[in-house]
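Residue numbers begin at 1 in each chain, while the letters A, B, ... track the order of the sequences.
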There are 2 protein chains.
Amino acid sequence: MSAGSEDTVAQARSPRGLDATDRELIALLQRDGRASFAALAKAVGLSEGAVRQRVQRLLREDTMQIVAVTDPLIVDLARQAMVGIKVNGDLHQVADQVSALPDVHYVILCTGGFDLFAEIICRDDEHLLDVLNNGIRAIENVTDTETFVYLKLAKQTYAWGSPTEF
Amino acid sequence: MSAGSEDTVAQARSPRGLDATDRELIALLQRDGRASFAALAKAVGLSEGAVRQRVQRLLREDTMQIVAVTDPLIVDLARQAMVGIKVNGDLHQVADQVSALPDVHYVILCTGGFDLFAEIICRDDEHLLDVLNNGIRAIENVTDTETFVYLKLAKQTYAWGSPTEF
DNA sequence: AGTGAAACGACCGTAGA
DNA sequence: TCTACGGTCGTTTCACT
């Protein structure tokens, strides 16, 4: 199957210029993504309108997303895996092609024994095998892969430096 | 420094019993975590009150979280890394100890060349080194680690099977 | 567990400093 | 970029099914 070209990603459309208030808002929304603008306004000491503008700007520019996150292993009875990828040649190009695969939802470039990590979510083993063989390993300049099938999610937090708990 | 005992994690307090409507709600909130209950109600064909109960149940039982997610490399100018961990002995016990470290925000148990992966977010290289040496590698039964320092986030989606785009 | 109605609170334009 | 204000829509509680 053909992956839809490269509509895919690009994090942060216009990254620059986050002030202290922006960071405060992000921190608050990392604890509760549905916090009302009124509550946020009280917390940061601005008017509701000002906070609304800032939050919407952060969302529009993809500085942050506000979304539901789950454990796919529980919610979907899915097969999930991390794939370490070694690349020969242009890293960015391979990263873009990996990112274009619909079942890949997280891609990072890194140093170390792998050049890329891709986290994938699949329905079952057959689907996983298909993504590996016909998706990732079929990409040019991918020289080696190692697949780490998930057994259990032990921790997942987004408010850095504070516990998951409410 | 002492990590705060083990208040930490545990995903999904009472996992079972997700029906089709729950999954629909999760899917919708994976696209927009701030969608109103009224809009969700229209989409799934229930009343607002019913939808509110369901969403709050999913949140209360930790089946999902609704949070802001960002690229820490951009927002915080942070050092971020994935650490592959090899373990001798009880996996769960080590996983719990790794999860208890405040700068570790994602921990998975897996098959393959590593038993555990831990994603960490640090302020700078010194902080990273501290978490590695005095945090992860100081845990009993951790026999080997490999650190993959993040260079760039290429893709980050939570609505499985659909693009990041707004 | 789901519905409906009425009071309350949040949200989002527009206008203006 | 922020504040102020008013109309509209979403949320909440309650009694009921």
Notebook entry, point to check: Phe37(A) has an atom CZ; how far is it from atom C1' of dC12(C), in whole Å?
Noted result: 9 Å

Margin query: Whether Lys152(A) and Asp71(A) form a salt bridge (side-chain N of Lys/Arg under 4.0 Å from carboxylate O of Asp/Glu) is what I want to check.
Written below: no

Checklist line | Closest contact, heavy atoms only, Tyr106(B) versus Leu153(A) | finding: CE1-CD1, 3.4 Å

Notebook entry, point to check: Which whole-number value in Å describes the distance from Glu48(B) CD to dA7(C) P?
Noted result: 17 Å

Checklist line | Nucleotide of dT3(C), dC11(C), dC12(C) approaching Arg34(B) most closely (side-chain heavy atoms) | finding: dC11(C)

Next item on the list: Mind running side-chain hydrogen bond (donor to acceptor under 3.5 Å, both in side chains) on His105(B) and Gln156(A) for me, showing each step along the way?
Entry: CA-CA 6 Å; His105(B) 73 117; Gln156(A) 187 178 33; over 6 Å; no

Margin query: What is the separation between atom CD on Gln53(A) and atom P on dT3(D), rounded to the nearest whole Å?
Written below: 10 Å

Item checked: Arg52(A) CZ to dT1(D) C1', straight-line distance once rounded to whole Å -> 14 Å

Check: In whole angstroms, how far is the P atom of dT1(D) from the CG atom of Asp19(A)?
Finding: 10 Å

Next item on the list: Nearest-nucleotide wise, let me know which of Lys42(A) and Arg54(B) is further upstream toward the 5' end of DNA chain C.
Entry: Arg54(B)

Note to self: Nearest to the side chain of Ser36(A), heavy atoms from C-beta on, is which of dA10(C), dT3(C), dT3(D)?
What the structure shows: dA10(C)

Margin query: Can you measure Asp32(B) atom CG to dG10(D) atom C1' for me and round it to whole angstrom units?
Written below: 14 Å

Notebook entry, point to check: Cationic tip of Arg79(B) within the cone over Phe148(B)'s six-membered ring, i.e. under 6.0 Å and within 45° of the normal?
Noted result: no

Checklist line | Atom pair distance, as rounded to whole Å: CG in Leu40(A) and C1' in dC12(C) | finding: 16 Å

Check: For Arg57(B), which contact category applies under a 4.0 Å heavy-atom criterion: base, sugar-phosphate, or nothing?
Finding: nothing

Margin query: For a quick check of understanding: with a heavy-atom distance under 4.0 Å over all strands, which category does Ala38(B) fall into, base, sugar-phosphate or nothing?
Written below: sugar-phosphate

